[in-house]
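Input: a single structure, listed below in C-alpha coordinates.
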Amino acid sequence: MDIRTDHATGHWINGGIVPAGATETISVVNPANGEIIAELPAGTAADVDGAVAAARAAFPGWAATPPAERAAVVRRVADALERRAEEVAQLLTAEMGAPIALSRAAQATFPVVVARAFADLATGFAWSEEVGNSLVVREPIGVVGAITPWNFPLQQIMSKLAPALIAGDTVVLKPSEIAPLTARVLAETTVEAGLPPGVLNIVYGTGEVVGEAVSAHPDVDMISFTGSTRVGRRISAVAAGTVKRVALELGGKGAGVLLDDADLPAAVEAAVARAFANGGQVCGAFSRMLVPASRQDEIVELVVDAAARWTLGAPTNEATRVGPMASEAHRARVDGYIERGIAEGAKLVFGGPGRPRGFERGAYVRPTVFAAVDPNATIAQEEIFGPVLTIIPYADEDKAVEIANGTVYGLTGGVFGEPGHALAVARRLRAGQIDVNGAHWNPYAPFGGYRQSGNGREFGRAGLEEFLETKAIQR
Ligand code: NAD
(Lines give C-alpha, C1' and ligand atoms only; values in the text may rest on other atoms or scores of the structure.)
Protein backbone atom coordinates (compact mmCIF):
# COMPACT_ATOMS: atom_id res chain seq x y z
CA MET A 1 0.00 0.00 0.00
CA ASP A 2 1.45 3.38 -0.95
CA ILE A 3 0.34 5.43 2.02
CA ARG A 4 1.87 8.61 0.64
CA THR A 5 -0.13 8.97 -2.56
CA ASP A 6 -3.28 7.82 -0.83
CA HIS A 7 -3.29 10.58 1.73
CA ALA A 8 -1.29 13.64 0.83
CA THR A 9 -3.74 15.56 -1.28
CA GLY A 10 -5.71 18.01 0.86
CA HIS A 11 -8.39 18.56 3.49
CA TRP A 12 -11.78 16.84 3.38
CA ILE A 13 -14.47 19.47 2.98
CA ASN A 14 -18.02 19.20 1.66
CA GLY A 15 -17.76 15.53 0.79
CA GLY A 16 -14.43 15.49 -1.03
CA ILE A 17 -10.78 16.44 -1.06
CA VAL A 18 -10.15 20.17 -1.23
CA PRO A 19 -6.61 21.42 -1.87
CA ALA A 20 -5.14 23.22 1.15
CA GLY A 21 -4.88 27.00 1.10
CA ALA A 22 -1.18 26.96 1.98
CA THR A 23 1.68 24.82 0.68
CA GLU A 24 3.26 23.92 4.03
CA THR A 25 3.03 20.28 5.04
CA ILE A 26 3.41 18.11 8.13
CA SER A 27 5.29 14.81 7.93
CA VAL A 28 3.71 11.69 9.35
CA VAL A 29 6.53 9.53 10.71
CA ASN A 30 6.58 5.80 11.37
CA PRO A 31 7.88 5.67 14.97
CA ALA A 32 9.29 2.16 14.50
CA ASN A 33 11.95 3.36 12.07
CA GLY A 34 11.75 7.14 11.66
CA GLU A 35 10.61 6.93 8.03
CA ILE A 36 8.23 9.54 6.67
CA ILE A 37 5.11 7.72 5.49
CA ALA A 38 2.92 10.63 4.46
CA GLU A 39 2.80 14.38 4.08
CA LEU A 40 -0.33 16.21 5.07
CA PRO A 41 -1.40 19.78 4.52
CA ALA A 42 -0.69 22.07 7.48
CA GLY A 43 -4.11 23.68 7.70
CA THR A 44 -4.71 27.36 8.31
CA ALA A 45 -7.48 29.44 9.86
CA ALA A 46 -8.79 30.03 6.33
CA ASP A 47 -9.09 26.26 5.80
CA VAL A 48 -11.06 26.08 9.06
CA ASP A 49 -13.37 28.86 7.84
CA GLY A 50 -14.10 26.83 4.70
CA ALA A 51 -14.83 23.68 6.68
CA VAL A 52 -17.06 25.48 9.19
CA ALA A 53 -19.00 27.13 6.36
CA ALA A 54 -19.58 23.71 4.77
CA ALA A 55 -20.71 22.26 8.11
CA ARG A 56 -23.03 25.21 8.75
CA ALA A 57 -24.60 24.90 5.29
CA ALA A 58 -25.18 21.16 5.76
CA PHE A 59 -26.67 21.56 9.24
CA PRO A 60 -30.35 22.35 8.51
CA GLY A 61 -30.78 19.38 6.18
CA TRP A 62 -29.01 16.89 8.45
CA ALA A 63 -30.78 18.19 11.58
CA ALA A 64 -34.13 17.66 9.83
CA THR A 65 -33.28 14.08 8.84
CA PRO A 66 -35.16 11.68 11.16
CA PRO A 67 -32.94 10.06 13.84
CA ALA A 68 -33.64 6.56 12.49
CA GLU A 69 -32.26 7.59 9.09
CA ARG A 70 -29.24 9.22 10.71
CA ALA A 71 -28.63 6.01 12.65
CA ALA A 72 -28.91 3.97 9.46
CA VAL A 73 -26.14 6.06 7.88
CA VAL A 74 -23.93 5.48 10.95
CA ARG A 75 -24.57 1.74 10.67
CA ARG A 76 -23.51 1.80 7.01
CA VAL A 77 -20.34 3.68 7.99
CA ALA A 78 -19.63 0.94 10.54
CA ASP A 79 -20.20 -1.77 7.91
CA ALA A 80 -17.90 -0.05 5.42
CA LEU A 81 -15.20 0.42 8.07
CA GLU A 82 -15.47 -3.22 9.04
CA ARG A 83 -14.77 -4.18 5.43
CA ARG A 84 -11.65 -1.97 5.50
CA ALA A 85 -10.49 -3.09 8.95
CA GLU A 86 -7.20 -4.61 7.76
CA GLU A 87 -6.26 -1.43 5.89
CA VAL A 88 -7.14 0.63 8.98
CA ALA A 89 -5.06 -1.66 11.21
CA GLN A 90 -2.03 -1.38 8.91
CA LEU A 91 -2.29 2.42 8.77
CA LEU A 92 -2.55 2.71 12.56
CA THR A 93 0.42 0.46 13.10
CA ALA A 94 2.47 2.43 10.59
CA GLU A 95 1.60 5.89 11.90
CA MET A 96 1.62 5.37 15.69
CA GLY A 97 3.32 2.04 16.29
CA ALA A 98 0.53 0.01 17.89
CA PRO A 99 1.38 -3.71 17.65
CA ILE A 100 -0.45 -5.13 14.65
CA ALA A 101 -2.27 -7.70 16.79
CA LEU A 102 -3.70 -4.88 18.93
CA SER A 103 -4.49 -2.76 15.88
CA ARG A 104 -6.54 -5.63 14.50
CA ALA A 105 -8.18 -6.68 17.76
CA ALA A 106 -8.95 -3.22 19.16
CA GLN A 107 -7.76 -0.14 17.29
CA ALA A 108 -9.56 -1.01 14.04
CA THR A 109 -12.54 -2.85 15.53
CA PHE A 110 -13.63 -0.71 18.52
CA PRO A 111 -14.71 2.14 16.22
CA VAL A 112 -17.08 -0.25 14.49
CA VAL A 113 -18.46 -1.45 17.83
CA VAL A 114 -18.86 2.14 19.06
CA ALA A 115 -20.67 3.27 15.90
CA ARG A 116 -23.13 0.39 16.17
CA ALA A 117 -23.70 1.00 19.88
CA PHE A 118 -24.62 4.64 19.20
CA ALA A 119 -26.88 3.62 16.32
CA ASP A 120 -28.67 1.24 18.73
CA LEU A 121 -29.20 4.09 21.19
CA ALA A 122 -31.07 6.19 18.61
CA THR A 123 -33.98 3.79 18.94
CA GLY A 124 -35.81 4.29 22.21
CA PHE A 125 -34.01 7.53 23.01
CA ALA A 126 -36.32 10.20 24.51
CA TRP A 127 -36.07 12.70 21.65
CA SER A 128 -39.07 14.41 23.28
CA GLU A 129 -40.97 13.88 26.51
CA GLU A 130 -43.91 15.41 28.39
CA VAL A 131 -42.97 16.98 31.73
CA GLY A 132 -46.09 18.55 33.32
CA ASN A 133 -47.27 21.20 30.88
CA SER A 134 -43.98 21.15 29.03
CA LEU A 135 -42.84 19.31 25.97
CA VAL A 136 -39.11 18.81 26.45
CA VAL A 137 -37.34 18.25 23.15
CA ARG A 138 -33.75 17.27 22.43
CA GLU A 139 -32.32 19.05 19.41
CA PRO A 140 -28.95 18.98 17.69
CA ILE A 141 -26.54 21.56 19.07
CA GLY A 142 -25.23 22.61 15.63
CA VAL A 143 -21.67 22.52 14.31
CA VAL A 144 -19.33 20.42 16.47
CA GLY A 145 -15.56 20.90 16.44
CA ALA A 146 -13.92 17.55 17.26
CA ILE A 147 -10.24 17.56 18.27
CA THR A 148 -8.66 14.16 18.84
CA PRO A 149 -5.41 12.51 20.05
CA TRP A 150 -3.10 9.90 18.52
CA ASN A 151 -3.34 6.98 20.98
CA PHE A 152 -6.52 5.32 19.66
CA PRO A 153 -6.89 7.62 16.68
CA LEU A 154 -9.95 6.22 14.94
CA GLN A 155 -11.67 5.15 18.14
CA GLN A 156 -11.42 8.67 19.56
CA ILE A 157 -12.80 10.14 16.35
CA MET A 158 -15.70 7.69 16.22
CA SER A 159 -16.57 8.34 19.89
CA LYS A 160 -17.41 11.87 18.79
CA LEU A 161 -18.53 11.44 15.20
CA ALA A 162 -21.12 8.69 15.78
CA PRO A 163 -23.04 10.48 18.58
CA ALA A 164 -22.76 13.83 16.78
CA LEU A 165 -24.23 12.35 13.61
CA ILE A 166 -27.00 10.54 15.49
CA ALA A 167 -27.79 13.79 17.32
CA GLY A 168 -28.13 15.63 13.99
CA ASP A 169 -25.02 17.75 14.30
CA THR A 170 -22.46 18.46 11.61
CA VAL A 171 -18.77 18.13 12.32
CA VAL A 172 -15.40 19.76 11.69
CA LEU A 173 -12.73 17.28 12.74
CA LYS A 174 -9.10 18.06 13.49
CA PRO A 175 -7.37 14.72 13.93
CA SER A 176 -4.01 14.40 15.65
CA GLU A 177 -1.21 15.45 13.31
CA ILE A 178 0.79 12.48 14.61
CA ALA A 179 -1.78 9.85 13.58
CA PRO A 180 -4.14 11.39 11.02
CA LEU A 181 -4.31 8.74 8.31
CA THR A 182 -7.39 6.72 9.25
CA ALA A 183 -9.56 9.83 9.28
CA ARG A 184 -9.40 9.85 5.49
CA VAL A 185 -10.54 6.22 5.31
CA LEU A 186 -13.42 7.13 7.59
CA ALA A 187 -14.35 10.06 5.35
CA GLU A 188 -14.41 7.75 2.34
CA THR A 189 -16.74 5.36 4.14
CA THR A 190 -19.16 8.21 4.84
CA VAL A 191 -19.51 8.76 1.10
CA GLU A 192 -20.21 5.08 0.57
CA ALA A 193 -22.75 5.23 3.43
CA GLY A 194 -24.63 8.15 1.88
CA LEU A 195 -23.75 10.87 4.41
CA PRO A 196 -24.62 14.20 2.78
CA PRO A 197 -21.66 16.41 1.79
CA GLY A 198 -20.62 18.90 4.47
CA VAL A 199 -21.86 16.84 7.43
CA LEU A 200 -18.29 15.65 8.09
CA ASN A 201 -15.33 17.88 7.29
CA ILE A 202 -11.69 17.31 8.18
CA VAL A 203 -8.96 19.93 8.49
CA TYR A 204 -5.45 18.61 9.10
CA GLY A 205 -2.84 20.59 10.95
CA THR A 206 -1.36 21.53 14.28
CA GLY A 207 -3.27 22.15 17.47
CA GLU A 208 -1.93 25.67 17.82
CA VAL A 209 -3.20 26.74 14.39
CA VAL A 210 -6.12 24.53 13.36
CA GLY A 211 -7.22 23.40 16.83
CA GLU A 212 -7.33 26.93 18.17
CA ALA A 213 -9.07 28.27 15.06
CA VAL A 214 -11.82 25.65 15.49
CA SER A 215 -12.05 26.33 19.25
CA ALA A 216 -12.36 30.10 18.78
CA HIS A 217 -14.70 29.98 15.78
CA PRO A 218 -17.95 31.90 16.35
CA ASP A 219 -19.86 29.54 14.08
CA VAL A 220 -18.82 26.39 15.96
CA ASP A 221 -21.37 25.57 18.67
CA MET A 222 -19.46 22.95 20.62
CA ILE A 223 -15.95 21.57 21.04
CA SER A 224 -15.54 17.93 21.89
CA PHE A 225 -11.91 17.40 22.84
CA THR A 226 -9.92 14.33 23.81
CA GLY A 227 -6.31 14.84 24.75
CA SER A 228 -4.05 16.10 27.49
CA THR A 229 -5.19 18.14 30.47
CA ARG A 230 -2.72 20.87 29.45
CA VAL A 231 -4.36 21.31 26.05
CA GLY A 232 -7.85 20.93 27.53
CA ARG A 233 -7.19 24.00 29.70
CA ARG A 234 -6.03 25.97 26.67
CA ILE A 235 -9.07 24.97 24.60
CA SER A 236 -11.41 25.98 27.44
CA ALA A 237 -9.78 29.40 27.56
CA VAL A 238 -9.89 29.90 23.78
CA ALA A 239 -13.50 28.69 23.53
CA ALA A 240 -14.67 30.89 26.40
CA GLY A 241 -14.80 33.92 24.12
CA THR A 242 -17.83 32.48 22.34
CA VAL A 243 -19.34 30.64 25.35
CA LYS A 244 -19.64 27.46 23.31
CA ARG A 245 -20.08 24.12 25.02
CA VAL A 246 -16.75 22.42 25.71
CA ALA A 247 -16.66 18.70 26.50
CA LEU A 248 -13.26 17.54 27.70
CA GLU A 249 -11.89 13.98 27.90
CA LEU A 250 -8.43 14.42 29.40
CA GLY A 251 -5.58 12.59 31.07
CA GLY A 252 -5.59 10.01 33.82
CA LYS A 253 -3.49 8.29 36.44
CA GLY A 254 -5.57 5.18 37.06
CA ALA A 255 -4.98 3.06 40.16
CA GLY A 256 -5.41 -0.68 40.19
CA VAL A 257 -6.12 -1.41 43.86
CA LEU A 258 -5.25 -4.96 44.96
CA LEU A 259 -7.16 -5.83 48.14
CA ASP A 260 -5.86 -8.40 50.59
CA ASP A 261 -8.53 -10.91 49.51
CA ALA A 262 -7.69 -10.63 45.78
CA ASP A 263 -6.73 -13.63 43.69
CA LEU A 264 -3.24 -12.18 43.35
CA PRO A 265 -1.91 -13.97 40.23
CA ALA A 266 -5.09 -13.18 38.27
CA ALA A 267 -5.24 -9.60 39.58
CA VAL A 268 -1.60 -8.94 38.71
CA GLU A 269 -2.03 -10.39 35.22
CA ALA A 270 -5.05 -8.14 34.55
CA ALA A 271 -3.58 -5.02 36.17
CA VAL A 272 -0.27 -5.34 34.31
CA ALA A 273 -2.20 -5.69 31.05
CA ARG A 274 -4.01 -2.45 31.87
CA ALA A 275 -0.65 -0.77 32.47
CA PHE A 276 1.17 -1.93 29.33
CA ALA A 277 -1.46 -2.38 26.59
CA ASN A 278 -0.87 0.03 23.70
CA GLY A 279 2.52 0.74 25.29
CA GLY A 280 0.73 2.34 28.24
CA GLN A 281 -0.53 5.06 25.89
CA VAL A 282 -4.07 4.76 27.18
CA CYS A 283 -5.89 7.48 29.13
CA GLY A 284 -7.56 4.79 31.24
CA ALA A 285 -4.34 2.84 31.93
CA PHE A 286 -3.75 1.57 35.45
CA SER A 287 -0.35 3.21 35.70
CA ARG A 288 -0.36 2.80 39.50
CA MET A 289 -0.75 -0.47 41.37
CA LEU A 290 -1.73 -0.12 45.02
CA VAL A 291 -0.79 -3.15 47.10
CA PRO A 292 -1.04 -4.13 50.78
CA ALA A 293 2.39 -3.25 52.21
CA SER A 294 2.69 -6.66 53.88
CA ARG A 295 2.27 -8.41 50.50
CA GLN A 296 4.44 -6.10 48.37
CA ASP A 297 7.40 -8.48 47.92
CA GLU A 298 5.25 -11.37 46.77
CA ILE A 299 3.27 -9.09 44.42
CA VAL A 300 6.44 -7.56 42.95
CA GLU A 301 7.60 -11.07 41.99
CA LEU A 302 4.31 -11.73 40.20
CA VAL A 303 4.46 -8.33 38.46
CA VAL A 304 8.00 -8.92 37.21
CA ASP A 305 6.94 -12.31 35.82
CA ALA A 306 3.93 -10.77 34.10
CA ALA A 307 5.92 -7.79 32.77
CA ALA A 308 8.45 -10.16 31.18
CA ARG A 309 5.66 -11.53 28.99
CA TRP A 310 5.00 -8.06 27.50
CA THR A 311 7.37 -8.60 24.59
CA LEU A 312 8.89 -5.48 23.10
CA GLY A 313 9.24 -5.58 19.36
CA ALA A 314 8.54 -4.23 15.91
CA PRO A 315 4.86 -3.35 15.68
CA THR A 316 4.50 -5.30 12.43
CA ASN A 317 5.52 -8.51 14.23
CA GLU A 318 2.41 -10.49 15.21
CA ALA A 319 3.98 -11.59 18.52
CA THR A 320 4.82 -8.06 19.70
CA ARG A 321 2.87 -6.79 22.70
CA VAL A 322 4.66 -3.45 23.19
CA GLY A 323 5.73 -1.49 20.13
CA PRO A 324 7.49 1.88 19.96
CA MET A 325 6.05 5.02 21.52
CA ALA A 326 3.98 7.00 19.02
CA SER A 327 6.75 9.51 18.33
CA GLU A 328 10.38 10.19 19.12
CA ALA A 329 9.40 13.24 21.18
CA HIS A 330 7.09 11.10 23.27
CA ARG A 331 9.81 8.44 23.73
CA ALA A 332 12.11 11.09 25.16
CA ARG A 333 9.36 12.30 27.51
CA VAL A 334 8.64 8.79 28.82
CA ASP A 335 12.34 8.05 29.18
CA GLY A 336 12.71 11.27 31.17
CA TYR A 337 10.08 10.03 33.63
CA ILE A 338 11.98 6.76 34.10
CA GLU A 339 15.14 8.74 34.89
CA ARG A 340 13.14 10.92 37.24
CA GLY A 341 11.77 7.88 39.09
CA ILE A 342 15.29 6.61 39.72
CA ALA A 343 16.48 10.07 40.78
CA GLU A 344 13.60 10.37 43.24
CA GLY A 345 14.53 7.07 44.87
CA ALA A 346 11.88 4.65 43.59
CA LYS A 347 13.04 1.05 43.40
CA LEU A 348 13.52 -0.06 39.77
CA VAL A 349 12.47 -3.72 39.58
CA PHE A 350 12.02 -4.19 35.82
CA GLY A 351 13.11 -2.39 32.64
CA GLY A 352 14.84 0.94 32.94
CA PRO A 353 15.87 4.05 30.99
CA GLY A 354 17.67 4.37 27.66
CA ARG A 355 17.14 2.77 24.29
CA PRO A 356 16.73 -0.99 24.66
CA ARG A 357 19.53 -3.09 23.15
CA GLY A 358 18.66 -4.06 19.58
CA PHE A 359 16.21 -1.13 19.26
CA GLU A 360 18.58 1.75 18.61
CA ARG A 361 16.38 2.90 15.71
CA GLY A 362 12.80 3.75 16.56
CA ALA A 363 10.98 5.25 19.54
CA TYR A 364 11.27 2.23 21.84
CA VAL A 365 11.05 2.25 25.63
CA ARG A 366 11.42 -0.82 27.86
CA PRO A 367 8.32 -1.78 29.83
CA THR A 368 9.38 -0.58 33.28
CA VAL A 369 8.22 -1.25 36.83
CA PHE A 370 9.04 0.69 39.98
CA ALA A 371 8.21 -0.61 43.48
CA ALA A 372 8.02 1.02 46.91
CA VAL A 373 7.00 4.27 45.25
CA ASP A 374 6.04 7.24 47.41
CA PRO A 375 2.48 8.24 46.44
CA ASN A 376 3.63 11.84 46.13
CA ALA A 377 6.57 11.08 43.81
CA THR A 378 6.42 12.63 40.35
CA ILE A 379 6.02 9.22 38.67
CA ALA A 380 3.07 8.47 40.99
CA GLN A 381 1.35 11.79 40.36
CA GLU A 382 1.90 12.76 36.71
CA GLU A 383 0.52 11.02 33.67
CA ILE A 384 3.47 9.34 31.90
CA PHE A 385 1.47 7.79 29.04
CA GLY A 386 4.04 5.04 28.53
CA PRO A 387 4.75 1.49 29.75
CA VAL A 388 5.78 2.57 33.24
CA LEU A 389 4.06 0.98 36.22
CA THR A 390 4.51 2.30 39.76
CA ILE A 391 3.76 -0.05 42.64
CA ILE A 392 2.68 1.85 45.75
CA PRO A 393 2.33 0.04 49.10
CA TYR A 394 -0.53 0.97 51.43
CA ALA A 395 -0.96 0.31 55.15
CA ASP A 396 -4.74 -0.10 55.29
CA GLU A 397 -7.80 0.22 53.10
CA ASP A 398 -8.63 3.82 54.02
CA LYS A 399 -5.10 4.76 53.05
CA ALA A 400 -5.47 2.85 49.76
CA VAL A 401 -8.58 4.87 48.90
CA GLU A 402 -6.84 8.10 49.88
CA ILE A 403 -3.84 7.30 47.65
CA ALA A 404 -6.05 6.18 44.75
CA ASN A 405 -7.96 9.48 44.97
CA GLY A 406 -4.83 11.51 45.63
CA THR A 407 -3.93 12.89 42.20
CA VAL A 408 -5.44 15.72 40.16
CA TYR A 409 -6.96 13.08 37.89
CA GLY A 410 -10.07 10.91 38.23
CA LEU A 411 -10.65 9.00 35.02
CA THR A 412 -10.42 5.28 35.73
CA GLY A 413 -9.51 2.78 38.38
CA GLY A 414 -9.69 -0.91 39.15
CA VAL A 415 -10.36 -2.89 42.29
CA PHE A 416 -9.34 -6.53 42.69
CA GLY A 417 -10.72 -8.59 45.57
CA GLU A 418 -13.70 -10.58 46.82
CA PRO A 419 -16.52 -9.20 44.58
CA GLY A 420 -18.67 -7.60 47.31
CA HIS A 421 -15.65 -6.14 49.04
CA ALA A 422 -14.22 -4.85 45.76
CA LEU A 423 -17.55 -3.23 44.84
CA ALA A 424 -17.65 -1.41 48.19
CA VAL A 425 -14.16 -0.01 47.56
CA ALA A 426 -15.07 0.83 43.92
CA ARG A 427 -17.84 3.09 45.24
CA ARG A 428 -15.27 5.06 47.25
CA LEU A 429 -13.02 5.85 44.27
CA ARG A 430 -13.45 9.31 42.76
CA ALA A 431 -13.21 8.43 39.07
CA GLY A 432 -15.61 8.06 36.17
CA GLN A 433 -15.05 4.41 35.41
CA ILE A 434 -13.99 1.61 37.76
CA ASP A 435 -13.52 -2.03 36.76
CA VAL A 436 -13.92 -4.76 39.36
CA ASN A 437 -11.67 -7.81 38.91
CA GLY A 438 -10.69 -6.91 35.36
CA ALA A 439 -14.26 -6.64 34.04
CA HIS A 440 -14.36 -5.95 30.31
CA TRP A 441 -15.20 -2.77 28.44
CA ASN A 442 -18.87 -1.92 27.87
CA PRO A 443 -19.49 0.40 24.90
CA TYR A 444 -22.89 1.39 26.33
CA ALA A 445 -21.43 2.60 29.65
CA PRO A 446 -20.53 6.27 30.14
CA PHE A 447 -16.81 7.05 30.24
CA GLY A 448 -15.26 10.29 31.45
CA GLY A 449 -13.38 12.11 34.12
CA TYR A 450 -13.76 13.59 37.56
CA ARG A 451 -11.58 16.57 38.48
CA GLN A 452 -8.85 17.39 35.92
CA SER A 453 -9.58 14.28 33.86
CA GLY A 454 -12.35 16.23 32.19
CA ASN A 455 -15.95 17.30 32.37
CA GLY A 456 -17.82 15.21 29.86
CA ARG A 457 -18.96 11.67 29.21
CA GLU A 458 -18.48 9.61 26.09
CA PHE A 459 -20.35 6.44 25.08
CA GLY A 460 -23.82 5.36 26.07
CA ARG A 461 -26.81 7.64 26.54
CA ALA A 462 -24.73 10.29 28.33
CA GLY A 463 -22.34 10.30 25.38
CA LEU A 464 -25.25 11.05 23.02
CA GLU A 465 -26.83 13.68 25.27
CA GLU A 466 -23.59 15.69 25.20
CA PHE A 467 -24.23 16.54 21.57
CA LEU A 468 -27.81 17.76 22.09
CA GLU A 469 -29.52 20.95 23.20
CA THR A 470 -32.59 20.79 25.44
CA LYS A 471 -35.67 22.90 24.78
CA ALA A 472 -38.82 23.12 26.94
CA ILE A 473 -42.03 24.19 25.24
CA GLN A 474 -44.84 25.10 27.71
CA ARG A 475 -48.43 24.64 26.67
P1 NAD B 1 -2.61 16.47 23.08
O2 NAD B 1 -3.41 17.17 24.11
O3 NAD B 1 -1.19 16.85 22.90
O4 NAD B 1 -3.30 16.63 21.65
C5 NAD B 1 -4.62 16.24 21.41
C6 NAD B 1 -5.15 17.03 20.22
O7 NAD B 1 -5.20 18.41 20.57
C8 NAD B 1 -4.30 16.92 18.97
O9 NAD B 1 -5.15 16.86 17.84
C10 NAD B 1 -3.53 18.23 19.00
O11 NAD B 1 -3.12 18.67 17.72
C12 NAD B 1 -4.57 19.17 19.57
N13 NAD B 1 -4.02 20.40 20.18
C14 NAD B 1 -2.77 20.59 20.70
N15 NAD B 1 -2.66 21.87 21.13
C16 NAD B 1 -3.84 22.48 20.89
C17 NAD B 1 -4.33 23.80 21.13
N18 NAD B 1 -3.59 24.74 21.67
N19 NAD B 1 -5.62 24.07 20.76
C20 NAD B 1 -6.41 23.11 20.21
N21 NAD B 1 -5.98 21.86 19.95
C22 NAD B 1 -4.72 21.55 20.29
O23 NAD B 1 -2.76 14.91 23.41
P24 NAD B 1 -2.06 13.69 22.70
O25 NAD B 1 -0.61 13.73 23.05
O26 NAD B 1 -2.47 13.62 21.27
O27 NAD B 1 -2.79 12.47 23.45
C28 NAD B 1 -2.42 12.05 24.70
C29 NAD B 1 -3.31 12.65 25.78
O30 NAD B 1 -4.67 12.38 25.49
C31 NAD B 1 -3.07 12.02 27.14
O32 NAD B 1 -3.04 13.03 28.12
C33 NAD B 1 -4.28 11.12 27.34
O34 NAD B 1 -4.61 10.84 28.66
C35 NAD B 1 -5.35 11.89 26.66
N36 NAD B 1 -6.45 11.01 26.30
C37 NAD B 1 -7.63 11.08 27.00
C38 NAD B 1 -8.68 10.22 26.70
C39 NAD B 1 -9.99 10.27 27.43
O40 NAD B 1 -10.96 9.70 26.94
N41 NAD B 1 -10.07 10.91 28.57
C42 NAD B 1 -8.53 9.30 25.67
C43 NAD B 1 -7.32 9.24 24.98
C44 NAD B 1 -6.28 10.11 25.29
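Numbers here simply count residues along the sequence, with the first being 1. Being a predicted model, the structure only gives us computed values, none of them experimental. Counting starts at 1 for both ligands and their atoms, in listed order.
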Are any protein N/O atoms closer than 3.5 Å to the N/O atoms of ligand 1? If there are, list each pair with names and the distance to one decimal place.
| residue | atom | partner | partner atom | Å |
| --- | --- | --- | --- | --- |
| ligand 1 | 2 (O) | Ser228 | N | 2.8 |
| ligand 1 | 2 (O) | Ser228 | OG | 2.6 |
| ligand 1 | 9 (O) | Thr148 | O | 2.7 |
| ligand 1 | 9 (O) | Lys174 | NZ | 3.2 |
| ligand 1 | 11 (O) | Lys174 | NZ | 2.9 |
| ligand 1 | 11 (O) | Glu177 | OE1 | 2.7 |
| ligand 1 | 11 (O) | Glu177 | OE2 | 3.4 |
| ligand 1 | 11 (O) | Gly207 | N | 3.4 |
| ligand 1 | 18 (N) | Glu212 | OE2 | 2.8 |
| ligand 1 | 19 (N) | Gly207 | O | 3.3 |
| ligand 1 | 25 (O) | Trp150 | NE1 | 2.9 |
| ligand 1 | 26 (O) | Trp150 | NE1 | 3.2 |
| ligand 1 | 30 (O) | Gly227 | O | 3.4 |
| ligand 1 | 32 (O) | Glu383 | OE1 | 2.6 |
| ligand 1 | 34 (O) | Glu383 | OE1 | 3.3 |
| ligand 1 | 34 (O) | Glu383 | OE2 | 2.5 |
| ligand 1 | 41 (N) | Leu250 | N | 3.2 |
| ligand 1 | 41 (N) | Leu250 | O | 2.7 |

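Contacts of Tyr364 classified as ring-ring contact (aromatic ring centres under 6.0 Å, His included), with partners at least two apart in sequence or in another chain: Phe359.
Note on residues 274-287: pairs passing side chain to side chain donor-acceptor pair (under 3.5 Å), not counting sequence neighbours, are Gln107-Asn278, Arg274-Asp435. Among pairs with a residue in residues 162-175, those fulfilling side chain to side chain donor-acceptor pair (under 3.5 Å) read Lys174-Glu177, at least two apart in sequence or across chains.
Here Arg457 does not pair with Glu249 in a salt bridge; the nearest charged N to carboxylate O distance is not below 4.0 Å. Using a 4.0 Å cut-off between a side-chain N of Lys or Arg and a carboxylate O of Asp or Glu, Arg340 and Asp335 do not qualify as a salt bridge.
You'll find the ring centres of Phe385 and Trp150 inside the 6.0 Å limit.
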